[in-house]
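Notes follow the structure.
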Amino acid sequence: MPELPEVVVTLQGVLPHILGKKVSRVTVRNPNLRWPVPKNLPILLCENSLQSARQRAKYMLFKFANGHMMVHLGMSGNLKILQKHSPPEKHDHVDIIFNDEVILRYSDPRRFGSILWIDGDPSIHKLLVHLGPEPFSPAFDAHYLYSLSRGKTTTVKQFLMDNKIVVGVGNIYANESLFLSGIRPKKSIGSIPLNAYKILVANVIEVLSKAIRQGGTTLQDFAGNEGKTGYFKQELFVYGRGGKPCLKCKKTLKEIRLGQRSSVYCPSCQE
DNA sequence: CAGCGCCCCTGCCCGC
DNA sequence: TGCGGGCAGGGGCGCT
(Lines give C-alpha, C1' and ligand atoms only; values in the text may rest on other atoms or scores of the structure.)
Protein backbone atom coordinates (compact mmCIF):
# COMPACT_ATOMS: atom_id res chain seq x y z
CA MET A 1 0.00 0.00 0.00
CA PRO A 2 2.67 2.39 0.74
CA GLU A 3 2.81 5.32 -1.58
CA LEU A 4 5.00 8.29 -0.83
CA PRO A 5 2.75 9.73 1.90
CA GLU A 6 2.82 6.42 3.78
CA VAL A 7 6.60 6.33 3.55
CA VAL A 8 6.90 9.90 4.84
CA VAL A 9 4.39 9.30 7.63
CA THR A 10 6.10 6.06 8.61
CA LEU A 11 9.52 7.64 8.76
CA GLN A 12 8.23 10.61 10.76
CA GLY A 13 6.46 8.29 13.16
CA VAL A 14 9.31 5.89 13.71
CA LEU A 15 12.31 8.21 13.83
CA PRO A 16 11.75 9.97 17.18
CA HIS A 17 11.77 6.58 18.92
CA ILE A 18 15.13 5.44 17.57
CA LEU A 19 17.17 8.49 16.53
CA GLY A 20 20.59 8.56 18.18
CA LYS A 21 20.14 5.15 19.78
CA LYS A 22 22.60 2.29 19.50
CA VAL A 23 21.55 -1.06 18.02
CA SER A 24 22.07 -3.92 20.43
CA ARG A 25 20.82 -6.85 18.37
CA VAL A 26 19.03 -7.75 15.14
CA THR A 27 16.73 -10.69 14.45
CA VAL A 28 16.09 -11.74 10.87
CA ARG A 29 13.33 -14.37 10.82
CA ASN A 30 12.83 -14.42 7.07
CA PRO A 31 15.51 -12.92 4.82
CA ASN A 32 13.59 -13.67 1.61
CA LEU A 33 12.32 -10.25 0.68
CA ARG A 34 12.50 -8.90 -2.87
CA TRP A 35 16.25 -9.24 -2.48
CA PRO A 36 17.78 -11.24 0.34
CA VAL A 37 18.37 -9.30 3.53
CA PRO A 38 22.18 -9.14 3.80
CA LYS A 39 23.46 -12.02 5.92
CA ASN A 40 25.75 -9.67 7.79
CA LEU A 41 23.07 -7.07 8.57
CA PRO A 42 23.24 -7.83 12.32
CA ILE A 43 27.03 -7.39 12.30
CA LEU A 44 26.78 -4.18 10.30
CA LEU A 45 24.19 -2.64 12.64
CA CYS A 46 25.17 -3.87 16.10
CA GLU A 47 27.00 -1.37 18.30
CA ASN A 48 26.33 1.42 15.79
CA SER A 49 24.06 4.39 16.48
CA LEU A 50 21.38 5.76 14.15
CA GLN A 51 22.72 9.18 13.16
CA SER A 52 19.89 10.40 10.92
CA ALA A 53 17.30 9.20 8.44
CA ARG A 54 15.77 10.53 5.28
CA GLN A 55 13.54 9.47 2.44
CA ARG A 56 14.40 9.27 -1.28
CA ALA A 57 11.52 8.25 -3.52
CA LYS A 58 9.85 5.43 -1.60
CA TYR A 59 13.09 4.33 -0.01
CA MET A 60 13.97 5.13 3.59
CA LEU A 61 17.64 5.68 4.29
CA PHE A 62 18.85 5.13 7.85
CA LYS A 63 22.36 6.50 8.34
CA PHE A 64 24.89 4.81 10.59
CA ALA A 65 28.60 5.59 10.99
CA ASN A 66 29.54 2.69 8.70
CA GLY A 67 26.86 3.04 5.99
CA HIS A 68 23.14 3.26 5.26
CA MET A 69 20.37 0.77 5.78
CA MET A 70 17.91 1.23 2.90
CA VAL A 71 14.34 0.08 3.48
CA HIS A 72 11.56 -0.19 0.90
CA LEU A 73 8.03 -1.17 1.93
CA GLY A 74 6.96 -2.60 -1.42
CA MET A 75 3.20 -3.09 -1.71
CA SER A 76 2.38 -4.38 1.74
CA GLY A 77 5.26 -3.57 4.07
CA ASN A 78 5.28 -1.53 7.23
CA LEU A 79 7.59 -0.48 10.00
CA LYS A 80 6.43 -0.12 13.55
CA ILE A 81 7.84 0.65 16.93
CA LEU A 82 7.40 -1.63 19.90
CA GLN A 83 8.29 -0.26 23.32
CA LYS A 84 8.99 -3.76 24.58
CA HIS A 85 9.22 -7.19 23.03
CA SER A 86 6.03 -8.84 21.90
CA PRO A 87 5.69 -12.16 20.05
CA PRO A 88 6.25 -11.77 16.32
CA GLU A 89 3.38 -12.54 14.01
CA LYS A 90 3.46 -14.41 10.74
CA HIS A 91 4.87 -11.64 8.54
CA ASP A 92 7.14 -9.91 11.04
CA HIS A 93 10.40 -10.60 9.24
CA VAL A 94 13.00 -8.38 10.87
CA ASP A 95 13.46 -6.82 14.33
CA ILE A 96 16.09 -4.21 15.06
CA ILE A 97 16.45 -3.90 18.82
CA PHE A 98 18.00 -0.78 20.31
CA ASN A 99 19.88 -0.54 23.58
CA ASP A 100 16.80 0.60 25.51
CA GLU A 101 14.86 -2.44 24.21
CA VAL A 102 12.78 -0.38 21.79
CA ILE A 103 12.20 -2.48 18.67
CA LEU A 104 11.91 -1.38 15.06
CA ARG A 105 9.90 -4.17 13.43
CA TYR A 106 9.61 -4.74 9.67
CA SER A 107 6.53 -6.62 8.45
CA ASP A 108 5.58 -7.43 4.89
CA PRO A 109 3.06 -10.12 3.88
CA ARG A 110 3.87 -10.04 0.18
CA ARG A 111 7.62 -9.56 0.67
CA PHE A 112 7.92 -7.16 -2.27
CA GLY A 113 9.82 -4.80 0.00
CA SER A 114 13.52 -4.84 0.75
CA ILE A 115 16.16 -4.12 3.33
CA LEU A 116 19.57 -3.44 1.83
CA TRP A 117 22.89 -2.08 3.04
CA ILE A 118 24.76 0.67 1.21
CA ASP A 119 28.44 1.35 1.72
CA GLY A 120 29.40 4.88 0.80
CA ASP A 121 27.27 7.47 -0.96
CA PRO A 122 23.62 6.34 -1.37
CA SER A 123 23.00 8.78 -4.21
CA ILE A 124 25.17 6.75 -6.55
CA HIS A 125 23.60 3.42 -5.62
CA LYS A 126 22.18 1.75 -8.71
CA LEU A 127 18.62 1.79 -7.35
CA LEU A 128 18.77 5.54 -6.66
CA VAL A 129 21.06 7.04 -9.26
CA HIS A 130 18.54 7.11 -12.12
CA LEU A 131 15.59 8.44 -10.14
CA GLY A 132 13.86 11.65 -11.15
CA PRO A 133 13.22 14.58 -8.81
CA GLU A 134 11.15 14.43 -5.66
CA PRO A 135 7.63 15.80 -6.20
CA PHE A 136 8.19 18.47 -3.53
CA SER A 137 11.45 19.69 -5.02
CA PRO A 138 11.63 22.85 -7.15
CA ALA A 139 12.91 20.73 -10.06
CA PHE A 140 9.45 19.19 -10.42
CA ASP A 141 7.57 21.90 -12.25
CA ALA A 142 5.41 22.43 -15.32
CA HIS A 143 8.29 23.44 -17.60
CA TYR A 144 10.15 20.26 -16.68
CA LEU A 145 7.20 18.01 -17.61
CA TYR A 146 6.39 20.06 -20.67
CA SER A 147 9.90 19.90 -22.11
CA LEU A 148 10.26 16.16 -21.41
CA SER A 149 6.95 15.42 -23.12
CA ARG A 150 7.32 17.22 -26.46
CA GLY A 151 7.06 14.84 -29.38
CA LYS A 152 6.14 11.87 -27.20
CA THR A 153 3.02 9.77 -27.10
CA THR A 154 3.29 8.07 -23.71
CA THR A 155 0.08 8.21 -21.70
CA VAL A 156 0.09 10.88 -19.04
CA LYS A 157 -0.65 8.40 -16.26
CA GLN A 158 2.33 6.22 -17.10
CA PHE A 159 4.44 9.36 -17.44
CA LEU A 160 3.47 10.46 -13.92
CA MET A 161 4.19 7.01 -12.52
CA ASP A 162 7.60 6.74 -14.20
CA ASN A 163 10.29 7.03 -11.51
CA LYS A 164 12.74 8.47 -14.01
CA ILE A 165 10.38 11.43 -14.51
CA VAL A 166 9.25 12.02 -10.94
CA VAL A 167 9.34 9.73 -7.91
CA GLY A 168 6.67 8.93 -5.39
CA VAL A 169 3.52 9.16 -7.49
CA GLY A 170 1.90 5.74 -7.22
CA ASN A 171 -1.33 4.44 -8.63
CA ILE A 172 -3.72 6.00 -6.13
CA TYR A 173 -2.31 9.50 -6.34
CA ALA A 174 -1.77 9.40 -10.09
CA ASN A 175 -5.47 8.65 -10.54
CA GLU A 176 -6.50 11.33 -8.06
CA SER A 177 -4.19 14.02 -9.45
CA LEU A 178 -5.44 13.45 -12.98
CA PHE A 179 -9.05 13.63 -11.88
CA LEU A 180 -8.48 16.91 -10.06
CA SER A 181 -6.66 18.24 -13.13
CA GLY A 182 -9.42 17.26 -15.57
CA ILE A 183 -7.03 15.14 -17.64
CA ARG A 184 -7.82 11.60 -18.81
CA PRO A 185 -5.22 8.99 -17.81
CA LYS A 186 -4.78 7.91 -21.42
CA LYS A 187 -4.06 11.39 -22.76
CA SER A 188 -0.87 11.52 -24.81
CA ILE A 189 1.78 13.66 -23.08
CA GLY A 190 2.88 15.41 -26.27
CA SER A 191 -0.58 16.92 -26.69
CA ILE A 192 -0.78 18.47 -23.23
CA PRO A 193 -0.09 22.22 -23.13
CA LEU A 194 2.07 23.99 -20.57
CA ASN A 195 -0.91 25.41 -18.70
CA ALA A 196 -2.36 21.96 -18.14
CA TYR A 197 1.01 20.80 -16.75
CA LYS A 198 0.90 23.73 -14.32
CA ILE A 199 -2.45 22.50 -13.05
CA LEU A 200 -1.24 18.90 -12.93
CA VAL A 201 1.92 19.72 -10.98
CA ALA A 202 -0.07 21.76 -8.48
CA ASN A 203 -2.53 18.89 -8.00
CA VAL A 204 0.16 16.23 -7.59
CA ILE A 205 1.76 18.34 -4.87
CA GLU A 206 -1.59 19.11 -3.27
CA VAL A 207 -2.78 15.50 -3.25
CA LEU A 208 0.48 14.16 -1.82
CA SER A 209 0.82 16.84 0.83
CA LYS A 210 -2.79 16.51 1.90
CA ALA A 211 -2.35 12.75 2.25
CA ILE A 212 0.77 13.29 4.36
CA ARG A 213 -1.08 15.74 6.59
CA GLN A 214 -3.83 13.19 7.06
CA GLY A 215 -1.50 10.34 7.85
CA GLY A 216 -1.55 8.49 4.56
CA THR A 217 -4.17 6.41 2.83
CA THR A 218 -5.12 3.26 4.65
CA LEU A 219 -6.30 0.35 2.59
CA GLN A 220 -5.75 -3.07 4.07
CA ASP A 221 -2.35 -3.32 5.66
CA PHE A 222 -1.21 0.07 6.75
CA ALA A 223 -1.49 1.18 10.31
CA GLY A 224 0.36 4.26 11.49
CA ASN A 225 3.24 3.90 13.85
CA GLU A 226 1.18 4.56 16.94
CA GLY A 227 -1.58 2.26 15.77
CA LYS A 228 -3.44 5.12 14.12
CA THR A 229 -4.81 4.63 10.65
CA GLY A 230 -4.83 7.06 7.77
CA TYR A 231 -7.89 9.02 6.84
CA PHE A 232 -7.15 9.94 3.26
CA LYS A 233 -9.16 7.11 1.77
CA GLN A 234 -12.41 8.85 2.61
CA GLU A 235 -11.42 11.61 0.23
CA LEU A 236 -10.54 9.61 -2.85
CA PHE A 237 -12.53 10.81 -5.84
CA VAL A 238 -11.80 8.04 -8.32
CA TYR A 239 -9.39 5.38 -7.05
CA GLY A 240 -11.31 2.18 -6.31
CA ARG A 241 -14.56 3.76 -7.50
CA GLY A 242 -14.85 2.44 -11.07
CA GLY A 243 -18.52 2.06 -12.06
CA LYS A 244 -19.68 4.34 -9.26
CA PRO A 245 -20.99 7.88 -9.74
CA CYS A 246 -18.52 10.73 -10.06
CA LEU A 247 -18.56 12.72 -6.84
CA LYS A 248 -18.59 15.95 -8.83
CA CYS A 249 -21.00 15.32 -11.73
CA LYS A 250 -22.70 11.96 -10.87
CA LYS A 251 -21.78 10.38 -14.21
CA THR A 252 -20.49 6.80 -14.04
CA LEU A 253 -16.72 6.55 -13.55
CA LYS A 254 -14.89 4.46 -16.14
CA GLU A 255 -12.16 1.95 -15.34
CA ILE A 256 -9.44 0.97 -17.81
CA ARG A 257 -6.04 -0.68 -17.51
CA LEU A 258 -2.81 1.10 -18.34
CA GLY A 259 0.49 -0.66 -17.84
CA GLN A 260 -1.31 -3.45 -15.92
CA ARG A 261 -2.71 -0.99 -13.42
CA SER A 262 -6.28 0.05 -12.92
CA SER A 263 -7.05 3.57 -13.97
CA VAL A 264 -10.31 5.23 -13.07
CA TYR A 265 -11.58 8.47 -14.53
CA CYS A 266 -14.70 10.50 -15.12
CA PRO A 267 -15.53 10.68 -18.84
CA SER A 268 -17.31 13.96 -18.22
CA CYS A 269 -14.90 15.80 -15.89
CA GLN A 270 -11.70 14.60 -17.60
CA GLU A 271 -10.71 15.27 -21.21
C1' DC B 1 17.98 2.53 -25.96
C1' DA B 2 13.07 3.19 -25.04
C1' DG B 3 9.10 0.96 -23.94
C1' DC B 4 6.46 -2.77 -22.73
C1' DG B 5 5.22 -6.99 -20.02
C1' DC B 6 6.55 -10.16 -16.50
C1' DC B 7 7.12 -11.42 -12.19
C1' DC B 8 8.28 -11.61 -7.21
C1' DC B 9 4.35 -13.06 -3.00
C1' DT B 10 0.30 -13.44 0.12
C1' DG B 11 -4.33 -12.18 1.10
C1' DC B 12 -8.80 -11.06 -0.03
C1' DC B 13 -12.97 -10.94 -2.56
C1' DC B 14 -16.04 -12.68 -5.84
C1' DG B 15 -18.56 -16.12 -8.37
C1' DC B 16 -19.74 -20.80 -8.95
C1' DT C 1 -18.58 -23.69 2.95
C1' DG C 2 -14.86 -24.60 -0.38
C1' DC C 3 -12.12 -23.50 -4.09
C1' DG C 4 -10.30 -21.38 -8.29
C1' DG C 5 -9.43 -17.06 -10.53
C1' DG C 6 -8.42 -12.39 -10.56
C1' DC C 7 -6.78 -8.46 -8.48
C1' DA C 8 -4.08 -5.40 -5.04
C1' DG C 9 -0.69 0.26 -3.00
C1' DG C 10 5.74 -1.25 -6.45
C1' DG C 11 9.22 -1.49 -9.46
C1' DG C 12 13.45 -3.84 -11.30
C1' DC C 13 14.63 -6.46 -15.12
C1' DG C 14 14.70 -8.96 -19.45
C1' DC C 15 13.18 -8.91 -23.94
C1' DT C 16 11.65 -6.76 -28.31
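Here is how names work: the chains are called A, B, and so on, in the same order as the sequence lines, proteins then strands, and each is numbered from 1.
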Any N/O pairs under 3.5 Å between the protein and nucleotides 2-7 of chain B? List them or say none.
none

Enumerate all atom pairs, one protein N or O and one N or O from nucleotides 3-5 of chain C, separated by less than 3.5 Å.
none

Handout entry: Complement of C:dG9, any strand, by Watson-Crick or G-U distances under 3.5 angstrom
Key = none
Sub-3.5 Å pairs of nitrogen or oxygen atoms, protein against nucleotides 13-15 of chain B:
none

Exercise for the section: Measure up the A:Tyr106 and A:His93 rings against each other and bin them: parallel (under 30°), tilted (30 to 60°), perpendicular (over 60°). Expected result: tilted
Exercise for the section: Name the closest nucleotide to the A:Arg110 side chain, picking from B:dC8, C:dG11, C:dA8. Expected result: C:dA8
Exercise for the section: Name the nucleic acid region contacted by A:Phe159, choosing base, sugar-phosphate or nothing; use a 4.0 angstrom heavy-atom cut-off, strictly under. Expected result: nothing
Practice task
May I ask you to verify if any side-chain N or O of A:Ser262 is less than 4.0 angstrom from the OP1 or OP2 atom of C:dA8?
Solution key: yes
Practice task
For A:Asp108, answer base if it contacts any base atom (sugar-phosphate contacts may also be present), sugar-phosphate if it contacts only those atoms, and nothing otherwise; contact means non-hydrogen atoms under 4.0 Å.
Solution key: nothing
Practice task
For salt bridge (Lys or Arg N to Asp or Glu O under 4.0 Å), just list the numbers for A:Arg25 and A:Asp95, CA-CA rounded to whole Å, side-chain angles, deciding distance to a tenth of an Å, and then say yes or no.
Solution key: CA-CA 8 Å; A:Arg25 58 193 194 280; A:Asp95 280 358; over 6 Å; no
Problem - Gap between atoms CZ and P, on A:Phe112 and C:dG12 respectively (whole Å) - result: 13 Å
Problem - Watson-Crick or G-U wobble partner of B:dC14, both distances under 3.5 Å - result: C:dG4
